[in-house]
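To keep things clear, I will list the structure first and then write my remarks on it.
What you are looking at is a predicted structure, and each value in this text was computed from that prediction instead of being measured. As a basis for the values below, the full set of heavy atoms in this structure was taken, side chains included, without hydrogen atoms, waters or symmetry mates. Lettering follows sequence order; numbering is per chain, from 1.
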Amino acid sequence: MTHNNTEEDSTKKTSLNFIEQIIEQNLAEGKNESRVHTRFPPEPNGYLHIGHAKSICLNFGLAQKYNGLCNLRFDDTNPVKEDVEYVDSILEDVKWLGFDWEDRLYYASDYFDQLFDWAVKIIKKGKAYVDDQSAEEISSQRGTPSKPGMESPFRNRSIEENLDLFQRMKSGEFPSGARVLRAKVDMASPNMQLRDPAMYRIKHAHHHRTGDQWCIYPMYDFAHGQSDYIEGITNSICTLEFEVHRPLYDWYLDQITDTEYRPVQTEFARLNLSYTIMSKRKLLQLVEEKHVNGWDDPRIPTLSGLRRRGYTPDAIRNFAETIGVAKRDNVIDVALLEYSVKQDLNKKANRVMAVLDPIKVVITNYPEGQIEELEAINNPEDESAGKRRIQFSRELYIERSDFMEDPPRKFFRLTPDKEVRLRYGYIIKCNEVIKNAQGEITELHCTYDPDTRSGSGIVTRKVKGTIHWLSITHALEVEVRLYDRLFLNENPDNVEEGKDFKSNINPNSLTVINGFVEDSLANAEVESKFQFERTGYFCVDKDTTSEKLVFNRTVLLRDSWAKMIKK
RNA sequence: UGUCUCAUGGUGUAACUGGCAACACAUCUGAUUUUGGUUCAGAAGAGUCUAGGUUCGAUCCCUAGUGAGACAACCA
């Protein structure tokens with residue numbers, strides 16, 4: 001496609017996902033005054049996870065793309081499950097991801113008065129009634145998906161009686177659960193959602209925002225569409241499990257309005273990630289049963305966990321962009337998420353040398369007490385990151401895995417009588433392997449070639465391998481937390497009879513070790529990110545104290561050597 | 001003997017609304033490299049769930065089947 005078409009180039013014709021197609025069609029038809037107004041509607045009953053990030057990016061992203069607006073609205077209609085702790089964390093996470101709801105922060109609970117009035121309106125139309133039965137009785141009359149339900153004996157109460165009873169429900173005359181207000185739709189509908197769903201239930205519970213003002217609370221279905229309507233939402237985007245609710249969403253709207261403006265509900269497939277779980281309920285279980293250390297444990301896919309793990313907002317937004325939006329069930333390979341961070345951190349994170357599993361090296365021909373400063377590049381992908389100085393001396397640490405006494409073919413690291421380059425330093429040769437009584441290697445005696453210093457301009461010879469190292473006296477001892485996937489199975493819910501997802505928990509998902517880093521990191525700030533050269537990306541954990549730095553391993557670097565020896 | 005939704009390489013998403021399938025990840029080669037990183041070049045891998053139909057022509061439209069998912073909280 002190299003011919004003409006400046007027009008096509010300028011319009012940047014990328015393919016649209018199915019929601020964008022719907023929006024563009026609506027726009028073309030002038031529907032809802034050609035506005036695009038979305039919303040992200042979390043219930044404050046848990047922490048946000050990467051699946052929510054998909055929805056956040058979708059909703060805010062669509063608004064941005066089509067010059068519209070996106071609201072943040074808490075769907076707080078169930079006081080017994082909700083809490084301000086969650087509200088706060090959600091606000092923080094959405095902000096952190098990089099989205100701005102400006103002055104449009106709303107709560108469904110702000111609409112309780114309006115919702116109540118609408119309920120009264122529906123009762124007056126004869127389309128809602130108070131049911132005195134218990135939840136069990138109502139449930140027993142509901143039927144099954146393939147068998148119609150039975151009508152409640154209270155279904156045909158007079159409007160006056162319904163009005164009176166509903167008012168008394170509101171004023172607190174009845175105990176929790178004693179009565180419900182039900183929509184009068186169709187007990188024989190093949191769609192279970194339409195079999196006279198509950199609109200209001202009695203809960204004498206303290207609400208995190210309205211306090212004790214109310215003792216009746218609207219159900220999700222009776223609150224969501226109306227909240228959308230109140231806010232002027234044009235596209236109410238939710239996940240697939242609400243598909244069967246759409247007729248009810250529309251039914252309630254039909255009862256309260258006849259305006260031309262209408263919010264439209266569209267469903268997309270939620271995100272699933274291999275080797276992890278996304279269910280709020282299960283996440284809560286992991287936290288409460290202490291299988292992980294809190295909602296921000298770096299092993300779970302909560303946004304606070306990913307943030308602590310070292311993920312960046314950019315990485316997550318790019319990830320959301322890459323996975324796309326569609327209606328079919330999907331399981332995304334975690335490798336794609338990991339690729340997103342690596343791609344982002346490769347450009348942003350400064351390189352640094354760290355030895356996580358040290359073995360001592362003595363450069364026998366290097367003068368005792370001598371210290372040299374070598375120049376190191378902070379980030380080869382970003383010249384503006386500058387350079388730093390690192391100290392070289394007679395006694396060093398190298399990575400234990402960078403030495404082998406009896407190496408396989410193509411092992412380009414240190415071996416007896418062979419040479420490697422110490423990054424930014426000299427070429428060294430191993431002359432002697434010192435072992436303890438158990439036969440474990442405790443020390444390597446090497447010699448260096450003073451003519452091979454990096455940057456000296458003299459290239460006497462090339463060596464195949466370069467390894468990282470640390471001058472022992474200049475190294476900082478730090479704690480390093482190595483994370484592995486939390487679950488052993490690609491699908492954690494895939495378990496034997498009688499067991500649950502927790503039986504798939506990886507017992508080795510966290511390994512805490514002590515390692516060493518350059519002293520240039522002494523004052524590294526919490527959440528700052530680094531690439532430990534040849535190892536992976538790491539970030540400073542909030543558990544860091546003035547005494548000791550703590551690092552989290554975000555992700556390993558691609559390791560083609562590891563791949564090779566696997567075969 | 002329910003209703004609704006979905007079905008494209010290993011994974012995910014496309015295919016300008018009918019002109020024989022593209023991109024990303026993963027996999028595998030090779031090159032470059034003072035990170036076995038990055039980057040670059042390349043390869044392999046689907047004939048689009050099945051069977052009919054409409055059409056000159058179907059991933060796309062229609063019908064039937066198959067498979068998967070959702071729905072029976074006073075949860076969202």
Tell me, please, whether A/Phe174 has A/Arg179 positioned over its six-membered ring: NZ or CZ under 6.0 Å from the ring centre and within 45 degrees of its axis?
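Yes.
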Within 45 degrees of the axis of the six-membered ring of A/Tyr275 and under 6.0 Å from its centre: does A/Arg485 put its NZ or CZ there?
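Yes, A/Arg485 and A/Tyr275 form such a contact.
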Would you mind calling [N] syn or anti? Take O4'-C1'-N9-C4 for purines or O4'-C1'-N1-C2 for pyrimidines, and syn is within 90° of 0.
N: B/rU17; result: syn
N: B/rG47; result: syn
N: B/rA7; result: anti

Nucleotide nearest [X] when distance is taken to its side chain, options [options]:
X: A/Met192; options: B/rG69, B/rA72, B/rA76; answer: B/rA72
X: A/Lys410; options: B/rA24, B/rU11, B/rG36; answer: B/rG36
X: A/Pro190; options: B/rA76, B/rG2, B/rU38; answer: B/rG2
X: A/Ala335; options: B/rC25, B/rG12, B/rC4; answer: B/rC25
X: A/Tyr220; options: B/rC74, B/rA76, B/rC25; answer: B/rA76
X: A/Arg423; options: B/rU35, B/rU5, B/rC74; answer: B/rU35
X: A/Tyr339; options: B/rA24, B/rG69, B/rG37; answer: B/rA24
X: A/Met219; options: B/rC25, B/rA73, B/rG2; answer: B/rA73
X: A/Glu43; options: B/rU11, B/rA15, B/rA76; answer: B/rA76
X: A/Asn330; options: B/rU13, B/rA15, B/rA24; answer: B/rU13

Give [X] one of three labels, base, sugar-phosphate or nothing, depending on what nucleic acid heavy atoms sit under 4.0 Å from its own.
X: A/Tyr424; value: base
X: A/Val463; value: nothing
X: A/Pro41; value: nothing
X: A/Val331; value: sugar-phosphate
X: A/Lys462; value: sugar-phosphate

Give a yes/no answer on whether the side chain of [X] brings an N or O atom under 4.0 Å of OP1 or OP2 in [N].
X: A/Lys203; N: B/rC75; result: yes
X: A/Ser139; N: B/rA73; result: yes
X: A/Arg558; N: B/rU38; result: yes
X: A/Arg421; N: B/rU35; result: no
X: A/Arg281; N: B/rA73; result: no
X: A/Arg201; N: B/rA76; result: yes
X: A/Ser560; N: B/rG37; result: yes
X: A/Arg246; N: B/rC4; result: no
X: A/Thr77; N: B/rA76; result: yes
X: A/Lys327; N: B/rG69; result: no

Look at the side chain of [X] and the base of [N], then say whether one donor and one acceptor between them are separated by less than 3.5 Å.
X: A/His245; N: B/rA70; value: no
X: A/Gln531; N: B/rU35; value: yes
X: A/Glu243; N: B/rG69; value: no

Of A/Gly465 and A/Asp329, whose closest RNA chain B nucleotide lies nearer the 5' terminus?
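Between the two, 5'-proximity favours A/Gly465.
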Partner of [N] by Watson-Crick or G-U wobble geometry, both contacts under 3.5 Å, or none?
N: B/rC49; result: B/rG65
N: B/rG57; result: none
N: B/rC28; result: B/rG42
N: B/rA70; result: B/rU3
N: B/rA76; result: none
N: B/rG9; result: none

Would you give the length of the straight line joining atom CG of A/Asp75 to atom OG of A/Ser227, rounded to the nearest 0.5 angstrom?
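These two atoms lie 6.5 Å from each other.
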Given A/Asp314, which partner from the list A/Lys529, A/Lys347, A/Lys348 fulfils the salt bridge (charged side-chain N to carboxylate O under 4.0 Å, His left out) test?
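Testing each of A/Lys529, A/Lys347, A/Lys348 against A/Asp314, the sole residue satisfying salt bridge (charged side-chain N to carboxylate O under 4.0 Å, His left out) is A/Lys348.
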Per-pair stack call A/Trp561 and B/rG36, 5.5 Å, 30°:
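Yes, aromatic ring over the base.
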Once the angle between the rings of [X] and [Y] is folded into 0 to 90°, is it parallel (under 30°), tilted (30 to 60°) or perpendicular (over 60°)?
X: A/Tyr249; Y: A/His224; value: tilted
X: A/Tyr107; Y: A/Phe74; value: parallel
X: A/Tyr111; Y: A/Tyr106; value: tilted

Stepwise side chain to side chain donor-acceptor pair (under 3.5 Å) check, A/Glu373 with A/Gln391:
CA-CA 5 Å; A/Glu373 286 212 325; A/Gln391 288 77 38; 3.1 Å; yes
